[in-house]
Amino acid sequence: MNKILLQGSITLAQIFVINMDGYDYRVKEDIGENIIRYIYKWFGKEDSDETQEAVDEFRQHNEDCRYECYCCGECEGHNDFPENKPS
């Protein structure tokens, strides 16, 4: 279940982040991280290493979305995306 919880929480947070208009992207990332923390808290894993791993994966996903994507799986090594936003 841990792998499913990891991928599910990151995917849910990413869907919220993608669909939130009118917010700075850093604020969206904070909201996404809070969603992940809430999900892990709900499953009784608050402040665990697993929670931090999921948050780190979410951050890494948003930094390196050109290489790996939980949302669609279609991202590849493209260089034509703005550096300040994930693709």
Side-chain angles (χ1 to χ4, degrees):
M1 179 172 135
N2 293 341
K3 179 96 171 160
I4 293 170
L5 181 59
L6 174 79
Q7 290 178 342
S9 64
I10 292 170
T11 301
L12 180 62
Q14 193 63 38
I15 289 169
F16 272 92
V17 167
I18 288 170
N19 290 302
M20 292 177 63
D21 294 329
Y23 290 91
D24 178 63
Y25 201 78
R26 296 294 165 212
V27 173
K28 290 181 182 183
E29 284 183 331
D30 290 342
I31 292 169
E33 289 177 19
N34 287 334
I35 290 168
I36 291 170
R37 291 181 195 285
Y38 176 79
I39 291 170
Y40 273 84
K41 181 179 178 180
W42 193 63
F43 280 101
K45 298 179 182 286
E46 184 177 17
D47 297 328
S48 69
D49 290 339
E50 294 175 30
T51 304
Q52 190 58 47
E53 179 185 354
V55 169
D56 291 344
E57 286 277 334
F58 177 72
R59 287 180 187 155
Q60 189 68 41
H61 165 74
N62 282 297
E63 290 174 12
D64 296 335
C65 188
R66 293 163 190 82
Y67 309 106
E68 175 181 32
C69 187
Y70 287 101
C71 312
C72 61
E74 308 253 338
C75 294
E76 295 181 16
H78 297 290
N79 292 325
D80 55 348
F81 296 111
E83 288 296 321
N84 62 345
K85 293 185 179 179
S87 56

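Side chains included, hydrogens not; waters and symmetry mates left out as well; all remaining heavy atoms used. In this chain, residues are counted from 1 in sequence order.
A search for side-chain hydrogen bond (donor to acceptor under 3.5 Å, both in side chains) contacts involving D56 returns Q52, not counting sequence neighbours. Residues passing the side-chain contact (heavy atoms from CB on, under 4.5 Å) test with D49: none are found, sequence neighbours excluded. The salt bridge (charged side-chain N to carboxylate O under 4.0 Å, His left out) test applied to E53 returns no partner, not counting sequence neighbours. Listed by chain and residue number, I35, I36, F58 satisfy the side-chain contact (heavy atoms from CB on, under 4.5 Å) test with A13 (two or more places apart in sequence, or in another chain).
The distance from atom CG of N2 to atom CD of Q7, rounded to the nearest 0.5 Å, is 11.5 Å.
With a 4.5 Å cut-off on side-chain heavy atoms, N34 and Y38 do not count as touching.
Between A54 and L6 the shortest heavy-atom distance is CA-CD1, 3.4 Å.
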Acceptor/donor pairs from residues 15-23 side chains to any protein atom, 3.5 angstrom cut, sequence neighbours excluded:
from	atom 1	to	atom 2	distance (Å)
N19	ND2	I15	O	2.9

